[in-house]
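Worksheet: one structure, shown below.
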Amino acid sequence: MTSAPRARRRALMALGLSAVVVLGGGTLAVADTDDGPSPSPSVTGYAEEPEENLELEILEPICDGDVPYLQYDAVTEGVEPPPDAVTITFVNPSGDDYVVADQPLSGRVLWPGAEVDGAGNPTDWPGWSLVDGEWVVGDEWDWVRPSVEVLFEVNPSATRTVGYPPSSPDCATNPPEVDEPTIEVDTLTPLCSEGVTYLDYGVTVTGTPETTVTLTWQNPDGEDFVQTDQPLQGRVLWPGAYPERFVELSAEDGWELVNNMWQNTRDFGWAVGTVDVTFAVNPEVTVPVTFPQDTDGCIDEEVPPPGTTVAGPPDPGASTPFLPQTGGEVLGLLAVAAGLLAAGAVIVVVVRRRRGAVGSE
């Protein structure tokens, strides 16, 4: 016979077991109706933090009241605590950067080199200098136009390349009553000359006193190839070309005959084909050029670069210095000299005999 307390305990245990089954079954039923997978716990047991990110929703060069600005709107994600300021760096490729710190996440900044007075009126523009009361092209801010790389830093950071804002009929980003500088490519001739690859070029510029141009061969996979301080018209060696043809170069060092011309295809394979070349004075222009393909006869014919004078053929009567390069050549010269001496001796003997015969008569 079972006592009453024991019966009550058994009843409570049965009731508790029933509750666990019902709750567990309910939980399983809800899980079965969930369309998506249940999130897996992280290795550390903590929820994964969202990835930090910086987006530039607005990045626009603008002109306002004849003053150039850069307008921006930086939005961060996953950054804790949320930042309230951004550092903007205009990256100088050949000198000190221009840094504007503690800027709001949204706003605009004056373009480097531009200046305004207390009323916001423009007094100076990047790339221009006021000399003896006349605006001329060129100053220490030439590097911020026609385009410049800009770095936005909050932690994380974002980098973009932006162009200098152009002038319009309603807003000028250059000094008053001056013409916008221009550049135009007049000559662009890839060629093979004496077995060497060159590019003949010529550019015309207006509105600037510059007399040199910088050529930048754009490598799509790495560092560009730059040729600085070149004349506005001339000839430059093709990237990766060797300045001589009749030499032996090692394939282990990357050298290969391409269209009968030596080319370092290991380091400059990107230049064999079509490549973009930027001619920069202020402003700049980019044009495509193609590695010379039709090179028949280029070893036999010298093509003069534009604007140069090529010396004529040597005078046949002029003495030409000669330097033997091998011992065989020296022996050959000695043999010729000995032959000439022997012939001269024979002639002398014959002449003396004839004179002797005439005297005896």
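Values below: all heavy atoms of this structure, side chains included; hydrogens, waters and symmetry mates excluded. In this chain, residues are counted from 1 in sequence order.
Side chains of T290 and T274: a donor-acceptor N/O pair is present below 3.5 angstrom, by distance only. With hydrogens and angles left out, the side-chain atoms of T278 and T286 include a donor and acceptor closer than 3.5 Å. T228 and T214 are not linked by any side-chain donor-acceptor pair at a separation below 3.5 angstrom, with hydrogens and angles left out of the test.
Judged by distance alone, the side chain of T89 and the main-chain N or O of V99 form no donor-acceptor pair under 3.5 Å. When atom types are taken as modelled, the side chain of Q293 and the backbone of F291 share a donor-acceptor pair closer than 3.5 angstrom. Here the side chain of Q227 pairs a donor or acceptor atom with the backbone of L237 at under 3.5 angstrom.
When all heavy atoms of Q218 and D224 are compared, the pair lying nearest together is CA-OD1, 3.4 Å. Counting all heavy atoms, side chain and backbone alike, L105 lies closest to V154 at CD2-CG2, 4.3 Å. What you find for P176 and W125 is that their closest heavy atoms are CD-CH2, 3.7 Å. When every heavy atom of P122 is checked against every heavy atom of G65, the shortest pair comes out as CD-O, 3.6 Å. Heavy atoms only, all atoms of each residue included: Q263 and F268 are closest at NE2-O, 3.6 Å. Nearest heavy-atom pair, V205 versus E210, reported as atom, atom and distance to 0.1 Å: CG2-O, 4.1 Å.
A side-chain contact (heavy atoms from CB on, under 4.5 Å) with T197 holds for exactly one of P239, P243, P292; it is P292.
Every residue was checked against the side chain to side chain donor-acceptor pair (under 3.5 Å) condition with D139, not counting sequence neighbours, and none meets it. Residues forming a side chain to side chain contact (heavy atoms under 4.5 Å, CB included) with T206 (at least two apart in sequence, or on another chain): T182. Residues forming a side chain to side chain contact (heavy atoms under 4.5 Å, CB included) with L130 (at least two apart in sequence, or on another chain): W135. In this structure, W128 has no ring-ring contact (aromatic ring centres under 6.0 Å, His included) partners at least two apart in sequence or on a different chain. The ring-ring contact (aromatic ring centres under 6.0 Å, His included) check on F152 picks up Y72, with sequence neighbours excluded.
Between the CZ atom of R235 and the OG1 atom of T187 there is a distance of 12.0 Å, given to the nearest 0.5 Å. E256 contributes atom CD, which lies 12.5 Å from atom OG of S250 (distance to the nearest 0.5 angstrom). To the nearest 0.5 Å, atoms CG (L70) and CD1 (I58) are separated by 11.0 Å.
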Start with the C-alpha gap between Y198 and W238, add the side-chain angles, then the distance that decides, and say whether ring-ring contact (aromatic ring centres under 6.0 Å, His included) holds. CA-CA 5 Å; Y198 297 98; W238 202 273; 9.9 Å; no
For S167 and T173, run side chain to side chain donor-acceptor pair (under 3.5 Å): C-alpha distance rounded to whole Å, both residues' side-chain angles, the deciding distance at 0.1 Å, then the answer. CA-CA 5 Å; S167 295; T173 54; 3.0 Å; yes
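In this pair, Y201 and F279 present their aromatic rings tilted. The plane angle is within the 30 to 60° band.
Side chains of V289 and L188 form a contact here, defined as non-hydrogen atoms less than 4.5 Å apart.
V136 shares a hydrophobic cluster with V131; the chain of contacts runs through ILVMFWY side chains whose heavy atoms sit under 4.5 Å apart.
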